[in-house]
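Below is one structure, written out as structure tokens; the observations come after it.
What you see is a predicted model; the values in this text were computed from it and never measured. All chains are named by letter (A, B, ...) in the order of the sequence lines, taking the proteins before the strands, and each is independently numbered beginning at 1.
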Protein chains: 2
Amino acid sequence: MGGDHGPSVVVPGVRSYLRTHGGQGVRFLLHGDEAAIAPELSRCGLTELCEIRHTDKVVAMDEKPAQAMRRGKGSSLWNAIEAVKTGEAGGVVSAGNTGALMAISKLILRMAAPGLERPAIVASWPTFKGVTAVLDVGANIGSDAEQLVEFAIMGEAFQTAVHGVARPSIGLLNVGSEDMKGNEQVKEAHAILRDGPFELNYQGFVEGDDIGKGTVDVVVTDGFTGNIALKTAEGTARYVSALLREALTSNLQAKLGAAIAMPALRRMREKIDPSAINGGPLLGLKGIVVKSHGGADAKGFGNAIRIAVDLARSDYMTKVGANLGRLEAVFDHAAPAGEISGDTPQ
Amino acid sequence: MGGDHGPSVVVPGVRSYLRTHGGQGVRFLLHGDEAAIAPELSRCGLTELCEIRHTDKVVAMDEKPAQAMRRGKGSSLWNAIEAVKTGEAGGVVSAGNTGALMAISKLILRMAAPGLERPAIVASWPTFKGVTAVLDVGANIGSDAEQLVEFAIMGEAFQTAVHGVARPSIGLLNVGSEDMKGNEQVKEAHAILRDGPFELNYQGFVEGDDIGKGTVDVVVTDGFTGNIALKTAEGTARYVSALLREALTSNLQAKLGAAIAMPALRRMREKIDPSAINGGPLLGLKGIVVKSHGGADAKGFGNAIRIAVDLARSDYMTKVGANLGRLEAVFDHAAPAGEISGDTPQ
């Protein structure tokens, strides 16, 4: 029921997923208002593969997370997450209220390790070399060194499960590449990743322009910086695209040139099409939760479904569990000696 | 002598400044190797307006700031800054080692107020509405609330002096626009800017995509986030431009279309030409210091000169001095009462 469009995008999103990504054997539970969902299902010819779980109650897009937690029980969002908890569903995809999705997921599913505080959101970022996973972009604030290492562990497993990279390279976002650069959290996380027992392909510090270059497969950063970097990049891409559109419609000659080059320009547009990279998983939970952009179209929602299915079918959970265990050992071992000052799990 | 090209760009940069920006009455002291500078000066016909201050000594591009401070005396960088201190020059422009420029400027010129710790670097960011000043992008780390307020004060005066905006609007970069969003520093700076005695046109929080939209004239952020946002935006612009180039050369038909639309595409390229916005002043010093990108061409270096001249000829210093005085009053007054927890000036 969430997002800007509700069932009129979610149901065609299921169809788009099945057409584009196959999805043999995948079935869908659709939580929400049966009267709104059923007509969409028959229109899309999906009544066989989908089952409606009716509820009248919805979490509004502008509801505060704390309020949603208190009052959300029985809502479509709540029930969808509950189905993951009970094992009935392998994962949940929502275009709804991000704060509420995060808070209720944490409440119902719980975090995957005692050291984890809040889920991290991953952005799949188009680059010269393919797609780089950037996390956290979820507007969490103030990640300490331990959290940054957790992001590296989860981002690596995500990149393998969803983008099929066998041994993803990992970089830590910083303002320079030398060891002495950056704030304390970044320097400490750098030391742990470099010397820790994680069997990660850690490449050291990267800078802002390395994201678009595709220098590494996974870029790790705190939720404050990551969210600002992501939105700044979106703003920049929009600005350059608008300048291009303006230039190519500025006079008759430009319009003629644009018309002739249109097939090539269209292929270019597909490469930076937001719907091709839509779907930000909330990592660190005991269950698969994927956030679709509220304004995503059917193709975009279909891609968010693909991410959820790929994660659910992979060994992502096992792999992350193993490395998070190693991380806790690092902190249990090192913290009493005073060598590592990050928060230890309580 | 600094930057990737030395006098072969600096001297044509002076010519570009004079041709493009007029600069009536401006004269130049060129510090460095006479044997390298003199031929460039006669080639560019600038022997009248420029005076060479010879020195053999240079600060290398990869020299550490601490080393440059110890050993830099008598170098071209040192002498150029010294000339600002003595009042012989109204400002200094350098394409050299950024860390050394910052450290030696601070040593020779000193900070403009006791609360200021390090210079802030401003980026002039092209937007839908013109140019927005973003600071700090200088890879400083961990700015507290007081520093963020200082950035707002200095950025406002800069925007008026250099980009001619009468009453610049100011935004604080954050992960959301509600009062409760963000880390402690950002929330505290928000309260001071909103309620303080600065007569600033403060508009509240802005997000990453507001920079490119030109929502405000000045965007304030800490040096860590600002540096990453700037480099991420540069990387994104480069990525989109490369996709466009690739698309328009992908086959004969696309090439034909591109050739026809070329005049319009060329005008577009000028709008995002880095040399048109080159020149990042180091704000907060008792003197005008402008950093040119090391790889800037003559046009870019000329633009950095323009920024230095505009700042030197404006009432920037007086205006900043007045508002920094008010800021100190805020902290002297409020800190003992425990209401504002930022560092007070020592």
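- For A:Pro263, the part lying near chain B is the side chain, with the backbone staying farther off; criterion is any non-hydrogen pair under 4.5 Å.
- For B:Leu244, the parts lying near chain A are the backbone and the side chain together; criterion is any non-hydrogen pair under 4.5 Å.
- Among B:Gly212, B:Ser241, B:Ala247, B:Ala259, the residue making the largest number of heavy-atom pairs under 4.5 Å with chain A is B:Ala247.
- In this structure, no portion of A:Glu234 lies under 4.5 Å from any heavy atom of chain B.
- In this structure, no portion of A:Glu184 lies under 4.5 Å from any heavy atom of chain B.
- Ranked by heavy-atom pairs shorter than 4.5 Å toward chain A, the options B:Asn227, B:Leu256, B:Ile211, B:Leu265 are led by B:Asn227.
- For A:Lys213, the part sitting under 4.5 Å from any heavy atom of chain B is the side chain, from C-beta outward, and nothing else.
- Between chain A and the residues B:Leu230, B:Leu173, B:Asp210, the largest count of heavy-atom pairs under 4.5 Å involves B:Leu173.
- Residue B:Thr221 does not touch chain A at all, counting heavy-atom pairs closer than 4.5 Å.
- Within the 4.5 angstrom heavy-atom criterion, atoms from both the backbone and the side chain of B:Arg238 approach chain A.
- For chain A, the nearby part of B:Asn251 is the side chain; its heavy atoms alone come within less than 4.5 Å.
- For chain B, no part of A:Arg269 is nearby; none of its heavy atoms comes within less than 4.5 Å.
- With a threshold of 4.5 angstrom between heavy atoms, A:Ile228 approaches chain B through its backbone and through its side chain.
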